[in-house]
Amino acid sequence: MLKTLIAYTSEIDDTEAAAAEIQRQLAVGLSEQEQGRLKNKVGIIACHYEFVLSGALKAICEALPFDVVGTITSAQANRQESGTLLLTLMVLASDEAKFVTALTPSLRERSNEIIAETYAGAAAGQTGRPSLIFSFAPFMLENSGDEYVNTLTKASGGAPCFGTLAVDDTMDFANCFSLHNGEHYRDRLALVLIYGNLQPQFYIATISEDKILDKSALITKSAGHILMEVKDRPVVEYFENLGWTKASETQYAMTSLPFMLDYGDGTAPVSKVFIKLTPEKHALCAGVMPEGATMYIGVFDKEDVLATTGAAADKALAATGKSGMLIYSCISRNMTLGADVTAEMDLIRRKAGDKIPFMMAYSGGEICPTRVSDGQAVNRFHNNAFILCVF
């Protein structure tokens with residue numbers, strides 16, 4: 001049996017009151033019988049960075065008898081509330097599933113090796129492969145989320161991986177921390193490995209097909225998340241031909257114009273975001289841009305964000321016998337909403353109602369499988385995406 005509990009608080013300055021409020025809500029969520037039976041627990045957390053700075057996050061985690069991992073977010077929602085200055089905690093409790101948490105050392109060097117070593121240490125002594133891996137990373141321009149995903153996929157033998165990169169509401173993303181048991185990090189990745197008879201389902205929303213421009217471009221030269229050439233021509237010439245020279249010269253100015261990548265392997269296209277031009281006039285993107293992939297340009301707007309999110313949520317809510325939903329949505333989708341910053345979160349709240357507990361948070365990069373078949377997951381790192389895991 002797996003049960004999902006949600007607790008939240010807006011109390012930032014009174015750390016004792018914040019911890020007491022979370023404890024009180026969790027106590028109501030489990031009956032006395034369930035408390036005795038569902039002994040295995042783990043917490044997934046999302047909060048504004050002010051909860052870190054005030055000490056409220058640390059006080060809450062110190063008051064809980066289980067591990068808590070997660071990230072900073074710019075906005076979040078649960079069944080009761082949506083907003084910015086919140087802390088939401090999702091607790092998974094089970095009598096069968098086992099939860100193993102881990103925290104990497106710094107990822108500023110040898111990130112792939114360190115993640116593989118950390119995973120191996122966490123999985124040592126466990127039987128079989130995890131049914132699900134939750135991954136929580138800080139936002140680091142020097143690293144690519146694709147590297148995290150590919151390393152975890154290889155290390156785990158293809159276990160499904162779901163998670164997020166932190167995002168905050170500062171201009172320079174100065175407080176995009178990963179979180180582990182009350183501590184915060186700018187350069188470490190936190191993991192939850194779930195073992196047991198869990199059969200998670202995944203849903204992704206990006207952009208409607210009619211919002212994707214007809215013109216395609218083959219990526220002919222790249223280095224990781226640096227896009228150099230398309231169609232054997234410099235990428236800046238590609239921007240010039242589309243009339244986007246001025247936009248490309250401003251950081252994050254093209255977040256409403258996602259690059260849709262077709263890997264040519266039969267899996268669904270994946271969305272990536274252009275961040276800025278490098279001094280060499282190459283395109284720095286928020287994800288790997290592999291040579292040989294075909295790139296399409298999409299055009300985002302508020303109506304399409306809400307339509308695609310709603311369709312994905314409807315599919316997820318049609319699942320039966322499930323305990324909870326964990327949801328991340330790219331910050332670029334939130335930016336597209338303009339002044340109506342809670343519209344996407346409020347849509348999920350209306351659709352979920354009292355049907356299923358959930359936590360939703362905004363993300364600096366989304367980790368979700370595009371396909372799971374024959375026990376193998378095709379895990380991908382996304383931008384501009386709404387991702388949902390129901391379990």
Side-chain angles (χ1 to χ4, degrees), residues 3-10 25 29 43-48 70-92 132 134 136 162-167 169 200-208 258 271 300-369 382-391:
K3 184 163 184 176
T4 302
L5 307 174
I6 302 293
Y8 74 101
T9 183
S10 58
Q25 292 177 41
I44 309 298
I45 203 163
C47 68
H48 191 275
T71 59
I72 293 300
T73 185
S74 57
Q76 63 201 269
N78 51 66
R79 286 194 296 191
Q80 284 73 35
E81 191 166 344
S82 57
T84 55
L85 294 176
L86 293 174
L87 178 149
T88 303
L89 175 68
M90 168 180 279
V91 177
L92 306 183
L132 177 61
F134 286 137
F136 305 97
F162 185 90
T164 183
L165 269 62
V167 71
D169 54 10
Q201 297 176 21
F202 306 97
Y203 302 87
I204 303 171
T206 52
I207 188 170
S208 298
S271 180
F300 247 165
D301 58 37
K302 176 181 177 180
E303 290 71 23
D304 196 54
V305 166
L306 298 180
T308 52
T309 290
D314 287 341
K315 292 178 182 178
L317 290 167
T320 58
K322 300 301 181 180
S323 167
M325 298 191 303
L326 180 59
I327 305 169
Y328 293 104
S329 184
C330 186
I331 186 61
S332 62
R333 297 176 74 87
N334 186 257
M335 293 167 66
T336 304
L337 300 175
D340 197 2
V341 294
T342 65
E344 190 180 28
M345 296 184 291
D346 292 341
L347 175 64
I348 296 300
R349 290 178 60 212
R350 289 194 301 271
K351 286 183 173 292
D354 293 329
K355 300 173 188 174
I356 188 170
F358 76 90
M359 180 175 82
M360 176 178 173
Y362 278 98
S363 170
E366 302 77 54
I367 298 169
C368 186
H382 309 256
N383 306 128
N384 287 97
F386 169 93
I387 62 172
L388 189 155
C389 177
V390 59
F391 40 80

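Note that the coordinates shown come from a computational prediction; the quantities given were computed from them, not determined experimentally.
Listed for the K3 side chain is a donor-acceptor partner under 3.5 Å among the backbone atoms of G29. Between the side chain of R349 and the backbone N or O of N78 there is at least one donor-acceptor pair closer than 3.5 Å. A donor-acceptor pair is defined here as one N or O able to donate and one able to accept, closer than 3.5 Å; no such pair exists between the side chain of T308 and the backbone of S208. Side-chain atoms of R333 do not come within 3.5 Å of backbone N or O of L306 as any donor-acceptor pair. Using a distance-only test at 3.5 Å, with no hydrogens or angles considered, no donor-acceptor pair links the side chain of S323 to the main chain of F391.
Here the closest non-hydrogen pair linking L132 and F162 is CD1-CB, 4.3 Å. What you find for S74 and T84 is that their closest heavy atoms are O-CG2, 3.4 Å. Smallest separation of non-hydrogen atoms from Y203 and A319: OH-CB, 4.4 Å. Taking all atoms of both residues into account, the shortest heavy-atom contact from M359 to M90 is N-CE, 3.7 Å. Among all heavy-atom pairs drawn from I356 and V390, the shortest one is CD1-CG2, 4.1 Å. The two residues E366 and N384 make their nearest non-hydrogen contact at OE1-N, 3.7 Å.
Between I44 and F136 the shortest side-chain heavy-atom distance falls below 4.5 Å. Using a 4.5 Å heavy-atom cutoff, the side chains of S271 and I207 are not in contact. Looking at V341 and Y362, their side chains never come closer than 4.5 Å, going by heavy atoms from C-beta outward. A 4.5 Å side-chain heavy-atom check between R79 and I6 finds every atom pair outside the cut-off. Using a 4.5 Å heavy-atom threshold, the side chains of K315 and Q201 count as separate.
When each of I387, L388, T164 is paired with C368, the side-chain contact (heavy atoms from CB on, under 4.5 Å) condition holds for I387 and for no other.
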Note to self: Let's go through T88 and C47 carefully: what are the C-alpha distance in whole Å and the side-chain angles of both, what is the deciding distance for side-chain contact (heavy atoms from CB on, under 4.5 Å) to 0.1 Å, and is it a yes or a no?
What the structure shows: CA-CA 6 Å; T88 303; C47 68; over 6 Å; no
Checklist line | Stepwise side-chain contact (heavy atoms from CB on, under 4.5 Å) check, H48 with D169 | finding: CA-CA 9 Å; H48 191 275; D169 54 10; 2.9 Å; yes
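Taking CD from Q80 and CD from Q25, the interatomic distance works out to 7.5 Å, rounded to the nearest 0.5 Å. Atom CD1 of residue I331 and atom OG1 of residue T73 lie 7.0 Å apart, to the nearest 0.5 angstrom. Summarising the geometry, atom NZ belonging to K302 is positioned 11.0 Å from atom OG1 belonging to T336; distances are rounded to the nearest 0.5 Å. Atom SG of residue C330 and atom CZ of residue F386 lie 12.5 Å apart, to the nearest 0.5 angstrom. If you take CG on D314 and NZ on K351, they are separated by 3.5 Å, rounding to the nearest 0.5 Å. Atoms CD1 and CD, on I45 and Q76 in that order, are 9.0 Å from each other to the nearest 0.5 Å.
A side-chain donor-acceptor contact under 3.5 Å links D346 and T342.
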